[in-house]
K.L.:
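I have a structure here, written as structure tokens, and I will follow up with some questions on it.
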Amino acid sequence: MKYDFAAIEKKWQDKWEELKPYAAVTGSDKPKFYGLIEFPYPSAAGLHVGHPRPFTAIDIVSRKKRMEGYNVLFPIGYDAFGLPTENFAIKNHIHPSIVTKQNVENFTRQLKMLGYGFDWDRVVDTTDPKYYKWTQWIFLQLFKKGLAYKTTMPVNWCTSCKCVLANEEVVEGVCERCGAPVVRKEKSQWMLGITKYADRLIDDLDDVDFIERVKTQQRNWIGRSTGTEVTFKTSTGDDVTVYTTRADTLYGVSYMVISPEHPLLNKWKDIIGNWDEVEAYKEAASRKSDFERGELNKDKTGVRLQGVEATNPANGATVPMFVSDYVLMGYGTGIVMGVPGHDQRDWDFATKFGLPIVEVVSGGDVTKEAFVAKDDSAIMVNSDFLNGMTVAEAIPAMKKYAVEQGWGKEQVNFKLRDWVFSRQRYWGEPIPLVNCPTCGWVPVPESELPLVLPQVESYEPTDDGESPLSKMTDWVNTTCPCCGAPAKRETDTMPQWAGSSWYFLRYMDPHNDNELVSKEAEEYWGPVDWYNGGMEHTTLHLLYSRFWHKFLYDIGVVHTKEPYAKRTSHGMILGKNPHYVGFAETEEEKQALIEKYGSQAQRPAVKMSKSLGNVVNPDDVVKAYGADTMRLYIMFIGDFEKTATWSDDAVKGSKRFLDRCWNLMDMAQDSFEVSKKNEAITHKTIKKVGDDIEALKLNTAIAALMTMVNEFYSNGVTKGDLEYLMLLLSPFAPHMVEEMWELTGFAAKNDGKMAMQMDWPKYDESKTVDAEREMAVQVNGKLRSTIIVAADADEQTIIDTACADEKIQRQLNGMQIVKTIVVKNKIINLIVKPAK
RNA sequence: GCCGGUGUGAUGGAAUGGUAGACGUGACGGACUCAAAAUCCGUUGGUGGCGACACCGUGAGGGUUCGAGUCCCUCCACCGGCACCA
């Protein structure tokens, strides 16, 4: 009988649609398991082959959990607001909501095609007013607690399109679309106070099971550092405070620098002797794009403030003050102390402006470059009472002294900035606030949520950088919910990150019109037990959603501090690079490729893209080989965490394996007993596959199943042996297994239960070991022979057997054994030296 | 520059400090076939040897160990992220 995957997959998908074996039951007595994948952005291009990698992996985990008796929640939804849809809509003159609807339908078809065990009754869509009602509700709670505030801040402004760009749209300092330079422009923006949660976002990482890479990246992104704030007196009458992590270098300060945006500069307008020059510098700095200011311009520039001097509180020395754009207004206090001896940036600046360079930590040559000690055991010099101390001792000593003297205090700083939450775009959740001339910003009453995104004729960005909604005067003009006077709605919308910051909560109770999630559902399902997603979301989505969840915890909506108990990450799927030099036949071709594509030509694999023609469409794969093959291959492709390259050839291997499984039915003896010959491999495989699924090592789990099948081919097989193969394979290739389960009579035998409804098989540790073991025998660490010994042989028997081996005899000739090392079931090492 | 990761046959990739290359592609040989495909059975790291075997081999160089792909040190290359964060 032939394995007709197309018919079989259709048959079982229809059956699942009808029977709903994947429905999650809130409040069941079974232990719960909540497996989560990052919900996709429904693009016009459809599912990419990258999507099935995490989806299949967590599907497999979820299926195994179900068989182990868990009540499983494995949901799916769509993160459908966002720029690509909006741009597609503008270009093709179709309303974004229609584009979204079409894309969601296509994604749904593709996901069902792949046989995922999603609970399709719990689908969420961030663009559904019933959903974003609660996104808006959360925003209002943030607003009420003072965590959402409006402030003027610099945004990316395209000088040619005359519009605000998201950071993602700025590529190397120029506009992604038109290539014109992008500059900073001051605009009023809604912000969320994520920095208030910075400490908790770092500290609570200790309590969750995230892969270490993710934790490190989050910690680095938040960037907590503990240092000292030191206050200097200045000749202007104002004191200035600097932040430093190197209080030990205070005796090495030879100048001060203030950021061009610092408000004190304007205050000092009349004091600064060369104000014209300073003002021109400020002006120039504001005109610079981020790119010029950061990437290109590592050259230090600046202007000395005539008539402004600061006094070093540590030694009373008077030092000049400069304005320079290498000091950022957004970090620390916007003013730094210049220690050119021990900070390379300060050294560059001091060298350029001819400022003194004082050595206060010994070990380098500060006339050549700044000495930044790798460890903190270097010794202090030229530093009064710190002399002779190590850096490690000097930092706290100086800090303590500064605090005692009243001009210093300990200070913790973060790199993390507050979250810029508004977008001047159409396709997002409207921000539910009204601006009243008398009452200020007033929330739309919760009873009026959702504040529905109005239908507009034109959703193109405006010339003045205002949201497209601002042109909808009917919608914009409203009355103040507070005093009833005429007022205007906020016309900015929320960023795409809003809807995705809490979607996992909605899955728990997706049809609830009265609450975001019911207490009962949240307490039953929360937290997410296992969340898998891409590394690219580690610093944005993951951090934002942890922040929102902590806020919801604080206001009593959820019962756990952290949303996700466990986080894993998958690698990207790349395509073959058609321009790779390795594919060139001749030397000339190679040279031509390198000339044309540069370093791109050196990479065998690159991201899939239409222009390279290396995109693989899951539809085509499923059509040619079936969904089970697709699922199996994408798991077998390699280490789940690493990037992998798609290979059309290798897909065949997975198909061949499924064929081999299928064909076993023809050769199976008609007995429901496990054959003695296959007992060891069966127990070994149950163990290996189970362990590997838990560790997400699905490639080796599949390899183990292949080994099992290979043994079945050489040992012969019974239906009883097949039962275990089917159960183990069921999470990977659910369609084919159900068909086999039925054909081999196991369905009938088990009251019509499907394989996926059976218990996950258990193994007997004692049966996973063969009666006899092969052991390697080394002489002086070099492999010389292998021996066969009984699994329960004692050490002496093993040594005797090894020494009796013919090849070992030859090695031992004329030698005496001085030491033996025996590692049970693995290896024996005989250490010998020439006999006297 | 900083942080994180990777480097293993022709190739994708396996290896709790314990027989390097599991499993899969590809290639080669055989069976079946008029033939091909499919399928099944073998072989497949390199060098030398008819052979038994011997030597070499996990980016480079050192080290620790009875034993290192794995641990430590110093480099090199590539990938990802951040980048004047005081």
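Chain naming here is simple, since letters A, B, ... match the order of the sequence lines and numbering starts at 1 in each. Values reported hereafter were calculated over all heavy atoms of this structure, with side chains retained and with hydrogens, waters and symmetry mates removed.
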K.L.:
Strictly below 4.0 Å: does A/Arg213 bring a side-chain N or O up to OP1 or OP2 of B/rG80?
P.N.:
no
K.L.:
From CG of A/Asp348 over to C1' of B/rG1, roughly how many Å is that when rounded to an integer?
P.N.:
12 Å
K.L.:
Take atom CG of A/Asp691 and atom P of B/rA22, then tell me their distance rounded to the nearest Å.
P.N.:
22 Å
K.L.:
Which part of the nucleic acid, if any, lies within contact of A/Thr645, taking any heavy atom under 4.0 Å across all strands shown: a base, the sugar-phosphate backbone alone, or nothing?
P.N.:
nothing
K.L.:
Can you tell me how far OG1 of A/Thr801 sits from CD1 of A/Ile788, rounded to the nearest 0.5 angstrom?
P.N.:
10.5 Å
K.L.:
Answer with base, sugar-phosphate or nothing: what part of the nucleic acid does A/Ile831 contact at a heavy-atom distance below 4.0 Å?
P.N.:
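The answer is sugar-phosphate, as A/Ile831 gets under 4.0 Å only of primed atoms, P, OP1 or OP2.
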K.L.:
Does a side-chain heavy-atom distance below 4.5 Å link A/Tyr331 with A/Lys415?
P.N.:
yes
K.L.:
Using whole Å, report how far CD of A/Gln778 lies from C1' of B/rA68.
P.N.:
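Going from A/Gln778 (CD) to B/rA68 (C1'), I get 11 Å.
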K.L.:
Mapping A/Lys642 and A/Thr245 onto RNA chain B by nearest heavy atom, which one lands closer to the 5' end?
P.N.:
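Checking each residue's closest nucleotide, the 5'-ward one belongs to A/Lys642.
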K.L.:
In whole Å, what separates the C1' atom of B/rG26 from that of B/rG81?
P.N.:
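Comparing C1' positions in B/rG26 and B/rG81 gives a spacing of 36 Å.
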K.L.:
Just how far, in rounded Å, is P of B/rC53 from CD1 of A/Ile808?
P.N.:
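Distance check: A/Ile808 CD1 to B/rC53 P gives 12 Å.
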K.L.:
Would you please indicate yes or no on a ring centroid separation below 6.0 angstrom for A/Phe322 and A/Phe353?
P.N.:
yes
K.L.:
Roughly how far apart, to the nearest Å, are B/rA60 and B/rC76 at atom C1'?
P.N.:
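The answer is 7 Å between these two C1' atoms.
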K.L.:
Does a side-chain N or O of A/Lys652 approach OP1 or OP2 of B/rG12 to a distance below 4.0 Å, or not?
P.N.:
no
K.L.:
To the nearest Å, give me how far apart NE2 (A/His262) and P (B/rA86) are.
P.N.:
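These atoms are roughly 17 Å apart.
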K.L.:
Would B/rG4 be called syn or anti here, given the cut-off of 90° from 0?
P.N.:
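Anti for B/rG4; the angle lies over 90° from 0.
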K.L.:
Below the 4.0 Å mark, does B/rG81 have OP1 or OP2 next to a side-chain nitrogen or oxygen of A/Thr539?
P.N.:
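Answer no for this pair, as no side-chain N or O of A/Thr539 is under 4.0 Å from OP1 or OP2.
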K.L.:
Looking at A/Lys697, does any N or O in its side chain come under 4.0 Å of the phosphate oxygens OP1/OP2 on B/rA14?
P.N.:
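So the side chain of A/Lys697 is outside the cut-off, no N or O lying under 4.0 Å from OP1 or OP2 of B/rA14.
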K.L.:
Give the B/S/- string for nucleotides 38-47 of chain B, one per nucleotide from 5' to 3', where a protein heavy atom under 4.0 Å of the base yields B, of only the sugar-phosphate yields S, and otherwise -.
P.N.:
-SSS------
K.L.:
Taking the same atom, P, in B/rA37 and in B/rG45, what whole-Å distance lies between them?
P.N.:
25 Å
K.L.:
May I ask you to say what A/Thr786 touches in the nucleic acid, namely base, sugar-phosphate or nothing, with a heavy-atom cut-off under 4.0 Å?
P.N.:
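The answer is base, as A/Thr786 lies within the cut-off (heavy atoms under 4.0 Å) of a base atom.
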K.L.:
Any donor-acceptor pair under 3.5 Å joining the side chain of A/Lys826 to the base of B/rU16?
P.N.:
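Such a pair exists between side chain and base.
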K.L.:
Tell me whether the NZ or CZ atom of A/Lys300 lies within the 45° cone about the ring axis of A/Tyr326 and under 6.0 Å from its centre.
P.N.:
yes
K.L.:
Just checking, A/Arg660 and A/Tyr713: is the charged tip under 6.0 Å from the six-membered ring centre and within 45° of the axis?
P.N.:
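Positive - A/Arg660 is close enough to the ring of A/Tyr713 and near enough to its axis.
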K.L.:
Roughly how many Å apart are B/rU70 and B/rG21, using the C1' atom of each and rounding to a whole number?
P.N.:
15 Å
K.L.:
Could you state the CG-C1' distance from A/Leu698 to B/rG12, rounded to the nearest angstrom?
P.N.:
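That distance rounds to 16 Å.
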K.L.:
Taking atom C1' in both B/rU25 and B/rG57, compute the distance separating them and give it to the nearest angstrom.
P.N.:
23 Å
K.L.:
Looking at A/Asn220, does any N or O in its side chain come under 4.0 Å of the phosphate oxygens OP1/OP2 on B/rC2?
P.N.:
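Answer no for this pair, as no side-chain N or O of A/Asn220 is under 4.0 Å from OP1 or OP2.
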K.L.:
Any non-hydrogen side-chain atom of A/Tyr255 less than 4.5 Å from a side-chain atom of A/Asp346?
P.N.:
yes
K.L.:
Rounded to whole angstrom units, what separation is found between the CG atom of A/Leu783 and the C1' atom of B/rA68?
P.N.:
15 Å
K.L.:
Treat a base pair as Watson-Crick or G-U wobble with both distances under 3.5 Å, then lay out RNA chain B in dot-bracket form, 5' to 3', with | for cross-strand pairs.
P.N.:
(((((((..(((.....[....)))((((((.......))))))((((....))))..(((((..]....))))))))))))....
K.L.:
OP1, OP2 of B/rA86 versus side-chain N and O of A/Tyr331: anything below 4.0 Å?
P.N.:
yes
K.L.:
What distance, rounded to whole Å, do you find between the two P atoms, one in B/rG69 and one in B/rG17?
P.N.:
13 Å
K.L.:
In residues 628-641 of chain A, which residues come under 4.0 Å of RNA chain B by heavy atom?
P.N.:
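Contacting residues: A/Phe636, A/Ile637, A/Asp639.
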K.L.:
Can you tell me, in whole Å, how much space there is between the C1' of B/rU58 and that of B/rA14?
P.N.:
12 Å
K.L.:
Using a cut-off of strictly less than 4.0 Å, decide whether A/Lys415 has a side-chain nitrogen or oxygen near OP1 or OP2 of B/rC82.
P.N.:
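Negative; the distance criterion is not met.
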K.L.:
Does A/Asp649 reach a base, just sugar-phosphate, or nothing at all? Heavy atoms under 4.0 Å.
P.N.:
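Counting heavy atoms under 4.0 Å across all strands, the contact made by A/Asp649 is with sugar-phosphate only.
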K.L.:
Between A/Trp646 and A/Tyr633, is the ring centroid distance below 6.0 Å?
P.N.:
yes
K.L.:
If you find the nucleotide of RNA chain B closest to A/Ala644 and the one closest to A/Glu774, which residue's nucleotide is nearer the 5' end?
P.N.:
A/Ala644
K.L.:
Could you state the atom-to-atom distance from CD1 of A/Ile827 to P of B/rU19 in whole Å?
P.N.:
5 Å
K.L.:
I'd like to know if A/Lys300 reaches the base of B/rC84 with its side chain, counting only an N/O donor and acceptor under 3.5 Å.
P.N.:
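Looking at the base of B/rC84, it does pair with a donor or acceptor on the side chain of A/Lys300 (distance under 3.5 Å).
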K.L.:
Distance between the C1' atoms of B/rU11 and B/rU16, in whole angstroms?
P.N.:
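Pairwise C1' distance, B/rU11 against B/rU16, rounds to 28 Å.
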